[in-house]
Every structure is written in C-alpha cells, then in structure tokens.
Amino acid sequence: MQFMTASRAEAETAFIVAKNNEGAELIPGTVCEFTITATDADQGSLVEKVDVAVNATTGIAAPVAGVVESTIATADYGRLQVYGPATVRASAALATGRLAVATSAGVAPTG
C-alpha cells in the first residue's frame with residue numbers, strides 16, 4: 001500500500017498495486033472489483049471492472065478494490081486508489097436511491 005504525503009494543499013490519498021484481469025485495458029476512473037479466484041497467490045491481487053449489478057438499496061455487491069489511477073494494460077500491474085477523493089467514471093442513467101459508483105463504456109469521466 002502506498003500513502004501519499006499529506007499537506008494542507010492536497011487531500012490525503014492511498015493506493016494499492018493490483019494486476020489487471022479484465023481482458024482489456026483499464027482506463028483512469030474505472031471502479032474495480034477483486035476477481036474471485038481459487039488460486040491463493042492471486043487473492044487480493046487480480047482486479048477487473050465492476051460488472052456485478054448495482055442494487056438500488058444495497059449498492060455494489062462486488063468486493064470493491066478501488067479506482068484506477070492511470071491506464072493499466074491487459075495482464076499488467078498498476079495502482080488503484082483506495083482512500084481519498086477520486087474522479088470516477090459514472091453514468092447518469094444509473095438511478096438508485098443511495099450513493100453508488102459504477103462504470104460503463106462510452107461515459108465521460110465526472111468528478
């Protein structure tokens with residue numbers, strides 16, 4: 001885990017290193033979930049974009065890993081932000097009664 005130095009000018013953030021298991025590159029702002037795997041060495045390491053349905057009352061059911069900081073190529077390692085303010089890709093078509101984050105192709109990043 002990597003923690004950024006806190007200062008009065010910037011909010012504190014924290015990151016983890018994860019391996020892209022999506023089958024395509026992961027772009028900045030994509031919300032990722034941990035890949036469920038029976039391989040012990042891959043537990044807590046492999047991630048993919050959230051593709052579990054978002055429920056209006058319970059939110060995301062997937063084990064959320066974090067938000068992609070910069071593009072992660074297929075089968076490569078990169079950083080996911082796990083703490084602090086982040087820009088995520090969100091869809092205006094998502095109508096839920098509680099705060100939720102999700103990702104979808106063709107949606108512009110929003111703050």
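Nothing fancy with the numbering, it's 1 onward along the sequence.
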Indicate yes or no: at least one non-hydrogen side-chain atom of [X] is less than 4.5 angstrom from one of [Y].
{"X": "Val31", "Y": "Val64", "result": "yes"}
{"X": "Ile36", "Y": "Pro63", "result": "yes"}
{"X": "Leu26", "Y": "Val47", "result": "yes"}
{"X": "Glu22", "Y": "Thr74", "result": "no"}

Nearest 0.5 Å please: distance from the [atom1] atom of [X] over to the [atom2] atom of [Y].
{"X": "Asp42", "Y": "Lys19", "atom1": "CG", "atom2": "NZ", "result": "7.0 Å"}
{"X": "Asn21", "Y": "Ser45", "atom1": "CG", "atom2": "OG", "result": "9.0 Å"}
{"X": "Ile72", "Y": "Leu80", "atom1": "CD1", "atom2": "CG", "result": "5.0 Å"}

**Q.** For Glu33, side chain to side chain contact (heavy atoms under 4.5 Å, CB included) partners two or more places apart
**A.** Glu48, Val50, Asp51, Val52, Ala62
Q) Sequence neighbours excluded, which residues qualify as side chain to side chain contact (heavy atoms under 4.5 Å, CB included) partners of Glu25? A) Ile27, Thr71
Q) Between Ser70 and Pro28, which heavy-atom pair has the shortest distance, and what is it? A)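 Closest heavy-atom pair between Ser70 and Pro28: CA-CG, 3.8 Å.
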Q) Between Thr37 and Thr39, is there a donor-acceptor pair closer than 3.5 Å when you use the side chain of the first and the backbone of the second? A) yes
Q: Mind jotting down which residue pairs meet the side chain to side chain donor-acceptor pair (under 3.5 Å) criterion with at least one end in residues 8-18? Sequence neighbours excluded, please.
A: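 Qualifying pairs: none.
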